[in-house]
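Lettering follows sequence order; numbering is per chain, from 1. Since we're looking at a predicted model, the values are computed, not measured.
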Amino acid sequence: MTHASSDRTEQELRRREERAALDDRGIDPYPYAWATDAHAEDILETFDDDKHQPEDGEAGDYEVSIAGRITDLRIMGGSTFFDLRDETGRIQVYVRAQDLGDDYYEEVFTDLFDIGDIVGVKGYAFRTGMGEVTVRASDDFQLLAKSLRPMPVVKETEEETFYEVTDKEFRYRQRYVDLAVNPEVRTVFRQRSALVSAMRDFLDEQGCLEVDTPILQPVYGGATARPFKTHHNALDMPLYLRIANELYLKRLLVGGLEGVYEIGKDFRNEGLSRFHNPEFTMMECYVAYKDYRWMMDFTESLLHATATALHDTPTVEFEGNEIELGGAWRRVSFFDAIEDETGIDLYQEDAERVYEAAANEMELQEVTPDMGLGALLDEVFSEMVEPGLIQPTFVTDYPVELSPLAKAHRVKEGLVERFELVVAGREIANAFSELNDPQEQRQRFEAQARQRAEEEDVGPEALIDEDYLRALEYGMPPAAGLGIGIDRLTMILTGQESIRDVILFPLLRPEGD
RNA sequence: AGGCUCGUAGCUCAAUCUGGUAGAGCAACGGACUCUUAAUCCGUGAGUUGGGGGUUCGAGUCCCCCCGGGCCUACCA
């Protein structure tokens, strides 16, 4: 892990020598600021040949001050073109020895500046003989940050890109390089930001209050998942990183807030895959006096707003499918969906019959006779139904076994008022009419506690949230709740097939030495 | 956790099947070049082939173990 100079590459050593040479000349390789008044994109869009193109030998009147990283250099004796990339894109800069002064041009610019350095340029825009809008640098041209490591150089033409950095590990571990050399990565994360903003705007407009609830929790709940465990020194107490926000947000409904939401990280101590990162971003929203039917309409509007914020249209292309997010979405009950797909009605069947149907008629490999009814139905649904639900579909009315925090269905026995939104075969949202009967809630918690304590390797006291039950005993209004996985939604709306491509710094194993 | 697969210069990749001095482009260095744009031209340097062990006269290549990545499965919403 030490970096003795002998470990450095030739190019790293040379750049350190250049930095020393800059110091010797009294040129600060890391100055404090640079006043910019333009970006690459603006200049390219607003340059007007009739207005701004200078006469031969004259200076142009479109003056700009820009800053960014040198990404390619074409030195031709006393004149040089280089590409400068800022947050908005790439623009070409033209530098002439006579403009900078021969000494500075030869001994500083061509000698001591490199691809990867960040520079500030003042000058005027013009169109070159080859037709490219370019900034001609004046003598007000300086280094803003010396790069001591060679940045990968990506070459491109209109049609093709060469030497593109594609190594996934490199890109995830050194996301800063990925962002610097792969502009489309910035686009994805800009879209992610736009998505979250659009969602936040929508929720604010609906009168919901954005809140922050604890990430460090003495008792964790709101989902079934293994937690991360940590310890607080001063209080000498164990704490868990939250696996869901649900139970705290619903306490706020007890307190009289009628609409609350939170966008933040949850943490689940489980495996990694292209759909799972141990920390991920959830939006959870709770609205008093509403039920899950209302919440379906609300969810449609919410996702319509977020999708159009990214694409101007509610239609997105994902994995070769046109996904239509506009309009009203199909609604089908959990058991009807299974029956539609398999011809078998499992509603109100017992575990034995469900096992038999799953194992024999559906030929599912993963089911075993000792699985509980909930687990069996979940398996049947995940295998037989979910992958086929490409267009947005509300799947409603789940078995109570799968939903300990949802309110019993007002008509259908053994079911709860819950829906999941499935898009492109993936669960995007989960919602229910919230259970607010404290006595029934206690029974459901207790029914789960023993089994979960074993599975999740924690004491049962960590599983029953007595304070939450106390809150419910004061009275929580009827309410509808919604949870949306922001990462997975971003995947669909930006066309990314791995969650790691929508998380800036995904968890990876530590680098070896 | 299991299966498949990959790891070669700063970056992108050849050479692996069929063992025989590890190559190219970009980047870098020296030189020419004041409207180039994958700039061009001449020249130069750069590698513990992810790590360790084994087979062999000889290993980037074959075998075993380990590390890391990707995909699939499992775990899991």
| message | Given 3.5 Å as the limit, does a donor-acceptor pair link the side chain of A:Asp114 with the main chain of A:Gly116, or not? | response | no
| message | Classify the ring geometry of A:Phe82 against A:Phe109: parallel below 30°, tilted from 30° to 60°, perpendicular beyond 60°. | response | tilted
| query | Taking OP1 and OP2 of B:U36, is either one under 4.0 Å from a side-chain nitrogen or oxygen of A:Arg74? | reply | no
| query | Between B:G19 and B:C26, how far is it from one P atom to the other, in whole Å? | reply | 33 Å
| query | What nucleotide, of B:U36, B:U37, B:G69, holds the atom closest to the side chain of A:Arg90? | reply | B:U37
| query | Of the nucleotides B:C35, B:G68, B:G70, which has the atom closest to the A:Lys168 side chain? | reply | B:G70
| field | Full working for side chain to side chain donor-acceptor pair (under 3.5 Å) between A:Thr71 and A:Arg85 | value | CA-CA 7 Å; A:Thr71 58; A:Arg85 194 175 271 178; 4.8 Å; no
| Angle class for the A:Phe47/A:Tyr62 ring planes (parallel below 30°, perpendicular above 60°, tilted otherwise)? | parallel
Residues 264-271 of chain A, side-chain donor-acceptor partners within the protein, below 3.5 Å, at least two apart:
{"unit_1": "A:Lys265", "atom_1": "NZ", "unit_2": "A:Glu279", "atom_2": "OE1", "d": "2.8"}
{"unit_1": "A:Asp266", "atom_1": "OD1", "unit_2": "A:Arg242", "atom_2": "NE", "d": "3.3"}
{"unit_1": "A:Arg268", "atom_1": "NE", "unit_2": "A:Ile243", "atom_2": "O", "d": "3.0"}
{"unit_1": "A:Arg268", "atom_1": "NH2", "unit_2": "A:Ile243", "atom_2": "O", "d": "2.8"}
{"unit_1": "A:Asn269", "atom_1": "ND2", "unit_2": "A:Pro227", "atom_2": "O", "d": "3.3"}
{"unit_1": "A:Glu270", "atom_1": "OE2", "unit_2": "A:Arg226", "atom_2": "N", "d": "3.1"}

| said: What's A:Tyr172 touching, base or sugar-phosphate or nothing? Going by heavy atoms closer than 4.0 Å. | reply: sugar-phosphate
| message | So if I take every side-chain heavy atom of A:Ser79 and compare against B:U37, B:U34, B:A38, which nucleotide ends up nearest? | response | B:U34
| Any donor-acceptor pair under 3.5 Å joining the side chain of A:Gln92 to the base of B:U36? | yes
| said: Using ring centroids (six-membered ring only for Trp), state whether A:Phe280 and A:Phe275 fall under 6.0 Å. | reply: no
| field | P spacing across the pair B:G2 / B:A46, given as an integer number of angstrom | value | 43 Å
| message | Let's see if you can work this out: which of B:C71, B:A74, B:C35 has an atom nearest to the side-chain heavy atoms of A:Arg500? | response | B:C71
| query | Nearest to the side chain of A:Thr128 - B:U37, B:C33, B:G69? | reply | B:U37
| field | G-U wobble or Watson-Crick pairing nucleotide for B:C4 (cut-off 3.5 Å, both distances) | value | B:G70
| query | How long is the span from the CG atom in A:Leu435 to the CD atom in A:Glu417, to the nearest 0.5 Å? | reply | 11.0 Å
| query | Can A:Thr281 and A:Arg488 be counted as having a side-chain donor-acceptor contact under 3.5 angstrom? | reply | no
| B:U36, B:A38, B:C71: which one has an atom nearest the side-chain heavy atoms of A:Lys155? | B:A38
| field | 5' precedence on RNA chain B between A:Gly77 and A:Glu497 (nearest-nucleotide basis) | value | A:Gly77
| request: Using the C1' atom as the reference point in each nucleotide, state the distance between B:C41 and B:C71 in Å, no decimals. | output: 45 Å
| Whole-angstrom distance between B:G43 and B:U56, as gauged at atom P | 45 Å
| Which ones in residues 425-435 of chain A lie close to RNA chain B, meaning a heavy atom under 4.0 Å from one of its atoms? | A:Glu427
| query | Does A:Glu284 use its side chain to pair, donor to acceptor, with the backbone of A:Glu246 at less than 3.5 Å? | reply | yes
| query | Is the distance between the ring centroids of A:Tyr398 and A:Phe334 less than 6.0 Å? | reply | yes
Return the polar atom pairs (N/O with N/O) between nucleotides 4-14 of chain B and the protein under 3.5 Å, or none.
{"unit_1": "B:C13", "atom_1": "OP1", "unit_2": "A:Thr166", "atom_2": "OG1", "d": "3.4"}

| said: If you compare every side-chain N and O of A:Arg509 against the phosphate oxygens of B:G69 (OP1, OP2), does one of them come in below 4.0 Å? | reply: yes
| field | Closest to the A:Leu508 side chain, choosing from B:C76, B:G70, B:A39 | value | B:G70
| remark: Result for 5'-nearest mapping on RNA chain B, choosing between A:Asp111 and A:Asp102, is A:Asp111
